[in-house]
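In what follows, a structure is listed as structure tokens, so that the remarks can point back to it.
The analysis underlying the following values was restricted to heavy atoms, covering all of them including side chains, and did not include hydrogens, waters or symmetry mates. Counting from 1, the numbers follow the sequence of the chain as shown. This one's a predicted model, so the numbers in the text were calculated from it and none came from an experiment.
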Amino acid sequence: MRWHEARQAVLSENVANAATPNFHAHDLAAPELSNRIAGPVRTDVSHMTLASSQGLGRSNAVDGFERTPDGNTVTLEEQMMKAAQNQMDHQMAAMLYQKSLGLLRTALGRR
């Protein structure tokens, strides 16, 4: 969740500097998870996935980067799509965290 918060700050900085000459758009690299950590595995096509993960019918390929005559590389449409995907992933992580806490409370008999 902290990575999503940091990425949202970077994306909002890109949008804020959309008219700044020679500003280059930035993005955070996805965190590398160790193989020792067990994570969700998609075992069926109908299972939900994170918005930013490779899904069916979803293309993450970038056709190219636009550059304005003043050297700015921020494309507002691209930044807003990344921000929306980031928000959906953050909400999913928060929901999973909340549900896991509910399960723990139920297991402890505190519900």
Flag if over 12 foreign heavy atoms under 6.0 Å of CE, M1: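 Check passes, neighbour count above 12.
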Nearest atoms (heavy-atom pairs only) where [X] meets [Y]:
X	Y	value
T73	A25	OG1-N, 2.8 Å
Q79	V15	CB-CG2, 3.8 Å
A30	W3	CA-CZ2, 3.6 Å

Would you give the length of the straight line joining atom [atom1] of [X] to atom [atom2] of [Y], rounded to the nearest 0.5 angstrom?
X	Y	atom1	atom2	result
M95	K99	CE	NZ	7.5 Å
E78	L11	CD	CG	9.5 Å
N86	Q91	CG	CD	10.5 Å
L101	L96	CG	CG	11.0 Å
L28	E5	CG	CD	12.0 Å

Working for side chain to side chain contact (heavy atoms under 4.5 Å, CB included), residues F23 and D70: CA-CA 9 Å; F23 182 82; D70 64 0; over 6 Å; no
Single hit among Q8, Q85, H4 for side chain to side chain contact (heavy atoms under 4.5 Å, CB included) with H90: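 Option passing the side chain to side chain contact (heavy atoms under 4.5 Å, CB included) with H90: H4.
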Candidates Q87, R7, E77 - the one meeting side chain to side chain contact (heavy atoms under 4.5 Å, CB included) with K82: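 So, applying the side chain to side chain contact (heavy atoms under 4.5 Å, CB included) to K82 and each of Q87, R7, E77, only R7 qualifies.
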Side chain N17, main chain N72, donor-acceptor under 3.5 Å: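 Side chain of N17 to backbone of N72: no pair is present.
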